[in-house]
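All remarks here apply to the structure that follows.
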Amino acid sequence: MSMAEPMKLSDWIKRFTFYEILVGMKATMTVFVQRIVLRSRKAVTFQYPHEKRDLPGTYRGMIALLRYNDMTEKCVGCDLCEAACPSRVITVISDEVPGEPMKRFAKEYYMDMARCIFCGLCVKACPVDALAMTTEYEWSVYNKRDLRLNKDQLLALGDRNFPTREEKIEHQHHNVTFFNIGHQNLPPMDS
Ligand code: SF4
Ligand code: SF4
């Protein structure tokens, strides 16, 4: 039968000085002294909501519907975003533009943002860049039904986040009849 080895003096000292706890607190105490005593370190915390972080332009926040610079809606009601969405967030109800049977628009457009995983696939799928992700994130609500946004709410999101708007696509690219928005009187080509 083997006898238990007697504890060394160093083990006794570690036990009575709470050595492991002191090692664990080393980083905390270092920052405490630098920040509070020496005042040589800036705070890394933000006093939210009074202070807010600068978000990168690539931040994936609430999604918006966009307009062209003449304030017409970009969306042509093609449903591609609805098909691309893995979470079934989007519902598009499209219709013909009255008097222009070859041209469609989104009569109704809904996004249930409570389901959105902010993957960005809908933005990628849109052929006319009618969708964009904003840097808005303060959208906490008491009732999740309030996060089912309609077309007007999504357009309002786009209006306040993207005040600089693109020219209509037929003015940017002349050969766009396949986009369903052919124009009779195209402006002259620059070159
Ligand atoms: S970001 Fe992703 S989950 Fe959200 S609506 Fe777009 S495709 Fe759907
Ligand atoms: S993919 Fe773009 S154009 Fe098509 S319905 Fe969606 S937002 Fe509208």
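For clarity, every value in this text was computed on a predicted model and none was experimentally measured. Note that ligands are numbered from 1 as they come in the structure, with each ligand's atoms numbered from 1 the same way. Every heavy atom of this structure was used, including side-chain atoms; hydrogens, water molecules and symmetry mates were not.
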* How about Phe32: does its CZ atom have over 12 heavy atoms from other parts shown lying under 6.0 Å from it? -> no
With heavy atoms and a 4.0 Å threshold, my read on which part of Val123 contacts ligand 1 is neither
Can Arg88 and Asp112 be counted as an ion pair, charged N to O under 4.0 angstrom? no
For Phe118, the atoms of ligand 1 under 4.0 Å from one of its heavy atoms are 1 (S), 4 (Fe)
re atom 8 (Fe) of ligand 1, the protein heavy-atom contact at minimum distance is Cys85 SG, 2.3 Å
message = Against ligand 1, does Pro86 come closer than 4.0 Å with any heavy atom?
response = yes
Report for atom 6 (Fe) of ligand 2, protein N, O or S closer than 2.8 Å, by chain and number, lists Cys81 SG
| said: Strictly distance-based, threshold 3.5 Å: is any side-chain N or O of Arg115 a donor or acceptor partner for the main-chain N or O of Ser87? | reply: yes
Any heavy atom of Ile117 under 4.0 Å from ligand 1? The part involved is both
**Asked** Is Arg60 reaching over with its side chain to a backbone N or O of Met133, donor-acceptor style, under 3.5 angstrom?
**Response** no
Looking at side-chain heavy atoms only, is the closest gap between Thr134 and Phe162 below 4.5 Å? yes
Note: Val128 and Val76 closest approach over all heavy atoms is CG2-CG2, 4.4 Å
Atom 4 (Fe) of ligand 1 has as its nearest protein heavy atom Cys116 SG, 2.3 Å
- Query: Distance-only, no hydrogens or angles: does the Lys168 side chain make a donor-acceptor pair with backbone N or O of Tyr68 under 3.5 Å?
  - Reply: no
among protein heavy atoms, the one nearest atom 2 (Fe) of ligand 1 is Cys119 SG, 2.3 Å
One finds that the ligand 1 atoms under 4.0 Å from a non-hydrogen atom of Gly120 are 1 (S), 2 (Fe)
request  = Mark yes or no for whether Gln34, through its side chain, and Arg41, through its backbone, hold a donor-acceptor pair below 3.5 Å.
outcome  = no
Val128 heavy atoms within 4.0 Å reach ligand 2 at atoms 3 (S)
Here the pair of heavy atoms bringing Thr135 nearest to Leu55 is O-CD1, 3.5 Å
Worksheet entry | Min side-chain heavy-atom separation Asn150-Glu108 under 4.5 Å | no
